[in-house]
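What follows is a single structure, written as structure tokens, with notes after it.
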2 protein chains.
Amino acid sequence: MTKRRVSLKDIASQLGVSVSTVSRALKDHPDLSPAIIEKVKQLAAKWNYTPNPLAMGLLKQQTNTIGVVVPDIVTHFYSSIISGIEDIAKANGYYIVISSSQESYKKEKENLNNLLNLRVDGLIVCLAQETTDYTHYDSIIEAEIPLVFFDRVCRTEEVSSVVIDNVEAAKELTIHLYKHGARRIAHIAGPSFLNITKERIEGYRKGLQLCGLTFDQNLLVHTNMSIEGAAVATNKLLSLKYPPDAIFGVNDTVIFSAMKEIKRKGLKIPDDVALVGFTDEFHATVVEPNLTAITHPTFEIGQEAARLLLNEIKSDKARTVQQISMQAKLIERESSVKLK
Amino acid sequence: MTKRRVSLKDIASQLGVSVSTVSRALKDHPDLSPAIIEKVKQLAAKWNYTPNPLAMGLLKQQTNTIGVVVPDIVTHFYSSIISGIEDIAKANGYYIVISSSQESYKKEKENLNNLLNLRVDGLIVCLAQETTDYTHYDSIIEAEIPLVFFDRVCRTEEVSSVVIDNVEAAKELTIHLYKHGARRIAHIAGPSFLNITKERIEGYRKGLQLCGLTFDQNLLVHTNMSIEGAAVATNKLLSLKYPPDAIFGVNDTVIFSAMKEIKRKGLKIPDDVALVGFTDEFHATVVEPNLTAITHPTFEIGQEAARLLLNEIKSDKARTVQQISMQAKLIERESSVKLK
DNA sequence: CTGAAAGCGCTAACAT
DNA sequence: ATGTTAGCGCTTTCAG
């Protein structure tokens, strides 16, 4: 129910000139009389003319739009990354269209198709938790549609991605716990096929080894990273014959859920059970005790992903695959420092 | 750098028929031979044909896109509302393009213009904190571009909106505090021109009155709702000659900041100072003590706003203004129940 | 039953 | 210095 906006045609007919003259005037074409340029510009300004992006898109075969697919937009981790993407996109005259997979493989596929049908100029994606089959990226790669993964990635040989060094970070966390007196360090992990799960487990095991601790299968629990799943995992750990004196959670959700369960059992953090994990600045300081954690530079991850994508969009060479590893920092707070 | 996608023309030339025939075949035009329909459909499927939305948009003068402007997307309150909008939009075949004003009047205006230039079919907006002048909505209203406000609203006579009953909710909170023993109830409010600020203050004063408490100007502090602003406000309140025994915060940010300050001063919540406010389910239970709070039905607010907008977009009548008031619930948790 | 033509808004090569 | 034409992908009269 919207009124039509002014077009070049409207301006042309009002001024009694041709559409191309108006088009040229607006871009200061060198061999146009200054008089007409001035007249056109004035009327365009008066009438609030802006080029119709649909017409431009059709002509130029590009939409200046980038599609973003994330597991959800409600989690601070993702919304902050989206913020970073938006920042760079906007600065470069691009719009972003966001859609969330709700961790579902089916929805991830649907969203991707929707975005492709919309003719986005490129895609930035974080894999859904359920996604174990990556063949839906075949056609995207084949069609040479610019694509960048972040955090949860796949096909890193063919597709650029932005990640953090999960192995190193997890190792650091584990060693940190050891230094603060923990000897039975448990890990609540994610689904086994996700790269972040695998890498963090690897770092966890490396850390244990470096500390001279032996890996105990009972202390490693996989979850679907939901509140409920993490609660079950925590309780399983706490009711072991030899329960852990420290838990390292794979992400925010797991940690908050674990924290609630530990408190509910009347155990003290960090004295009975130390707790650390991966989360963001904000949440780490809002909970009590404040959480020792690896902080993701989320906003910057988003910015970097957007930069990579924009480069790919603008370049006319074939894909140049890059893996960017962002710096993650361990920040020591209260949840890991045992009073002893 | 993307390859061109298949068009009707491609299919037509491959099949040796005209473009219009293909177009018709795809929509099962009644007087077309079933044979050709079948052939076209098969090839279209094989080649993954989907109509080009730019071409359609140009033709139909609509983009199936709705623009969303929020103060930020990182706050759970907004991201959850966006989720609700996305839900309804997607179900109706609409895309959403999100942009954040970062509470800036200037950016709000810019975003609105960008979105309008993109030719979105409608707009869903939450005002920036800085926005006190509403004339940039004049042209939008005049151009009959579908528009819906939520939470922070203006021009409610001319524009539909989705809100909660802030007066009632604030009144309830105040009475709740009184019932649990508070007698000096302070309120950390937002900028004075925002409707949510005004309404919550009104409810606060009504609540005080109903409890037989007199309004004390010292106990009402305005902030810009930032972490820092709220910290200053909290400290100002706590260092009063007669400090409050309860604080009611206007939103999440204010509450978390207040909570940190109160704890930092070594005061106990709720015994020394009770704390309540407006927040969401998730955060209320993650902090300690768990927060007694008015919970916004954020997802539903988003859904409702999207429904209103879609109705406006689809209707060809002039604007029908509606004010939808969503149900907000007071959930009693630990932060307000004094042991005495 | 199917094709040709016009037009949505715009640009760029091609006239004049 | 400016106008004409064609074409980006699609639908919809209008012809036949």
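Here is how names work: the chains are called A, B, and so on, in the same order as the sequence lines, proteins then strands, and each is numbered from 1.
Summarising the geometry, the separation between CG on D28(B) and P on dT11(D) is reported as 13 Å, rounded to the nearest angstrom. Rounded to a whole Å, the NZ atom of K39(B) is 14 Å from the C1' atom of dC1(C). Taking atom CG on L15(A) and atom P on dT2(D), their separation rounds to 11 Å, with Å as the unit. Straight-line distance from the CG atom of L26(B) to the C1' atom of dG9(D): 13 Å, rounded to whole Å. Rounded to an integer number of Å, the gap from CD1 of I36(A) to C1' of dA1(D) is 10 Å.
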task = Verify side-chain contact (heavy atoms from CB on, under 4.5 Å) between N111(B) and K90(A), making sure each step is shown before the conclusion.
result = CA-CA 10 Å; N111(B) 289 348; K90(A) 191 188 268 184; 2.7 Å; yes
message = Is there a ring-ring contact (aromatic ring centres under 6.0 Å, His included) between Y137(A) and F149(A)? Walk through the geometry before answering.
response = CA-CA 11 Å; Y137(A) 290 102; F149(A) 287 117; 5.0 Å; yes
key: L54(A) and L58(A): CA distance, side-chain angles, deciding distance, side-chain contact (heavy atoms from CB on, under 4.5 Å) verdict   = CA-CA 6 Å; L54(A) 278 71; L58(A) 204 52; over 6 Å; no
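At the phosphate of dT2(D), neither OP1 nor OP2 sits under 4.0 Å from any side-chain N or O atom of T21(A). Remark: S33(A) is not in phosphate contact with dA1(D), judged by side-chain N or O atoms under 4.0 Å from OP1 or OP2.
Taking five base pairs at each end of the helix from dC1(C)-dG16(D) to dT16(C)-dA1(D) and finding the rotation axis that steps the C1' atoms of four pairs onto the next four gives two axes whose angle is 60°, to the nearest 10°.
Taking both residues in full, the closest heavy atoms of T156(B) and V321(B) are given as O-CG1, 3.4 Å, listed atom of the first, atom of the second, then distance. Between S101(A) and P71(A) the shortest heavy-atom distance is OG-CA, 3.3 Å.
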note = Letter by letter from the 5' end, nucleotides 9-16 of chain C scores (B base, S sugar-phosphate only, - none; protein heavy atoms under 4.0 Å) BBBBBB--
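The number of heavy-atom neighbours closer than 6.0 Å to NZ of K314(A), taken from other residues, nucleotides and ligands shown, is above 12.
For the residue pair Q323(A)/S161(A), the side-chain donor-acceptor check at 3.5 Å is satisfied. Judged purely by distance below 3.5 Å, without hydrogens or angles, the side chains of D121(A) and T63(A) pair a donor atom with an acceptor atom.
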